[in-house]
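Have a look at the structure below before the remarks.
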Amino acid sequence: GKSCVVNSSNSADSSESALRSAISQEVDSAALRRWRIRQLDLPVQLIRAAVVVGLFFLWDSEALFKGVSFTVFGFEPLPEVKDIFYATPSEVWDYLAAYYHDLLFWKDLWVTVQEAFWGFALGSAAGLLVGLTLGYFVRLHKIFGPFLVFSNAVPKIALAPILILWYGVDMGSKIALATIIVFFLVQMPTTAAVGLVDPDLNILATTMGATQVQRFRKVIIPGIMPAVFGALRLAAIYSMLAVVFGEFLASKRGLGQRLLYSTNQFNMGSAFALMIVLALIALALNGVIGLAERRVLKWQSNREGGQVISL
């Protein structure tokens with residue numbers, strides 16, 4: 001009789017425990033859903049969708065190209081555009097659909113992506129290394145800083161023809177141009193960010209017995225990450241711009257070369273489609289950087305990372 005009572009008691013306890021666990025899981029899932037809805041920020045998403053739809057209808061109705069007759073200091077911001085110089089959404093879609101089955105388009109796309117990626121990777125790595133070194137060692141910054149400022153003042157676009165002579169019309173010249181541009185976009189903010197790290201944190205780490213290497217890893221590196229990721233997001237865009245400009249000047253393959261050809265032939269449907277593809281590539285690069293930023297800076301609860309793409 002006692003064993004039956006004990007068994008029934010254990011069974012009741014286990015049932016109660018299972019019920020509590022189920023309720024807890026349901027509450028946690030409900031809280032998670034509410035958190036995801038708050039993070040989604042539905043009003044912002046709805047406004048974004050409305051802006052996209054409005055711009056699409058303006059484009060489709062061709063109202064954007066009809067022009068508005070007013071001038072600002074003798075300049076007409078919204079001139080009337082002739083039919084031959086623009087494309088409608090349906091024309092752009094036709095070319096995007098045709099590109100999907102075009103093997104040469106994918107080869108050009110792959111060339112441009114490789115050039116932008118390697119230019120971004122090499123330039124950002126070199127810029128981060130030099131920026132950290134000059135920011136941490138003040139004497140080196142005093143020696144080499146003026147030379148870097150002078151080099152940064154040189155118009156990078158003016159280097160493109162020279163780089164083409166040095167590296168040829170293949171991928172090398174475009175990678176070199178993108179690397180130079182990205183280098184300064186990353187190096188300058190990194191150097192400045194190292195100098196702006198809170199000195200009280202360095203003093204606190206020193207009083208706690210941290211070595212120079214530990215201060216560098218635990219204080220300097222975390223302190224400059226927000227500025228570094230901001231520079232990287234900007235550098236990803238400019239890497240694509242540099243590559244496309246280099247392909248405009250001289251190239252065997254690439255989307256920039258294809259875009260220039262389409263524009264020269266007044267094939268605006270193809271040109272608009274290629275510009276959309278290039279923009280999507282740049283946004284994809286920024287999306288990857290934004291995801292990395294959110295993962296690395298997840299300890300910053302009061303800051304939203306990766307704002308270049310926030311869906």
Side-chain angles (χ1 to χ4, degrees), residues 87 92 95-96 99-100 102 104-128 152 154-164 167-190 227-264 267-293 305-311:
V92 174
Y95 276 96
L96 288 174
Y99 285 151
Y100 183 78
D102 186 356
L104 289 179
F105 166 78
W106 292 107
K107 289 182 178 180
D108 288 338
L109 175 66
W110 178 235
V111 168
T112 300
V113 168
Q114 287 184 88
E115 292 168 347
F117 171 78
W118 286 114
F120 170 77
L122 295 174
S124 58
L128 184 60
N152 190 32
V154 175
K156 311 302 181 299
I157 301 302
L159 298 175
I162 300 175
L163 294 174
I164 290 174
Y167 294 96
V169 297
D170 286 328
M171 295 172 55
S173 57
K174 271 67 76 177
I175 293 175
L177 179 62
T179 299
I180 293 172
I181 293 176
V182 169
F183 170 81
F184 287 104
L185 287 174
V186 176
Q187 180 265 320
M188 292 293 182
T190 302
V228 168
F229 274 111
L232 291 177
R233 294 199 302 271
L234 185 63
I237 298 293
Y238 275 86
S239 175
M240 180 62 65
L241 293 177
V243 164
V244 171
F245 180 79
E247 290 176 350
F248 278 177
L249 293 182
S251 63
K252 292 181 178 179
R253 300 230 60 90
L255 294 183
Q257 185 264 348
R258 184 181 282 255
L259 175 59
L260 181 64
Y261 177 81
S262 298
T263 306
N264 289 338
N267 190 349
M268 293 297 108
S270 175
F272 275 51
L274 289 169
M275 286 188 288
I276 291 174
V277 171
L278 290 169
L280 291 176
I281 295 172
L283 288 177
L285 290 174
N286 273 277
V288 173
I289 297 170
L291 291 175
E293 180 183 10
Q307 285 301 301
V308 173
I309 295 181
S310 178
L311 300 178

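These numbers come from the heavy atoms of this one structure, side chains and all, not from hydrogens, waters or symmetry mates.
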Between Asn267 and Tyr261, is there a side-chain heavy-atom distance shorter than 4.5 Å?
no
Enclosure of Phe229 CZ (heavy-atom neighbours >12, cutoff 6.0 Å)
yes
Atom CD in Gln257, atom CG in Leu249: separation rounded to 0.5 Å?
12.0 Å
What one should report as the nearest heavy-atom pair of Leu255 and Thr112 is N-OG1, 2.8 Å
Any side-chain heavy atom of Met268 within less than 4.5 Å of one from Thr263?
yes
Once you measure the plane-to-plane angle for Phe105 and Tyr99, does it fall in the parallel (<30°), tilted (30-60°) or perpendicular (>60°) bin?
parallel
Can you give me the closest heavy-atom contact between Ser124 and Val182, atom names plus distance?
N-CG1, 3.4 Å
Could you grab the distance from atom CG of Leu128 to atom CD of Gln187, nearest 0.5 Å is fine?
10.5 Å
Gap between atom CD1 of Ile180 and atom CD1 of Ile175 - 0.5 Å precision
12.5 Å
Any idea which heavy atoms bring Ser173 and Gly168 closest together, and the distance?
OG-O, 2.9 Å
Considering all heavy atoms of both residues, which atom of Ala231 and which atom of Val186 are nearest to each other, and what is their separation?
CB-CA, 4.1 Å
Flag, side chain of Trp118 to backbone of Val113, donor-acceptor distance under 3.5 Å:
no
Exam field: side chain Ser262 to backbone Arg258, donor-acceptor pair closer than 3.5 Å:
yes
In Å, rounded to the nearest 0.5 Å, how long is the span from CD1 of Ile281 to CZ of Phe117?
14.0 Å
When every non-hydrogen atom of Ala242 is compared with those of Leu177, the smallest separation belongs to O-CD2, 3.5 Å
Minimal non-hydrogen separation, Tyr100 against Trp106, with atom names:
O-NE1, 3.1 Å
Would you say that Phe245 contacts Ile181 through its side chain, given a criterion of any heavy-atom pair below 4.5 Å between the two side chains?
no
Applying side-chain contact (heavy atoms from CB on, under 4.5 Å) to Leu274 and Tyr95, what does each step give before you reach the verdict?
CA-CA 9 Å; Leu274 289 169; Tyr95 276 96; over 6 Å; no
Please confirm whether the backbone N or O of Val169 pairs with a side-chain atom of Lys174, one donor and one acceptor, at under 3.5 Å?
yes
Any chance you could measure Lys156, atom NZ, to Thr179, atom OG1, to the nearest 0.5 Å?
13.5 Å
Atom CD of Glu115 and atom CE of Met240: how far apart are they, to the nearest 0.5 Å?
9.5 Å
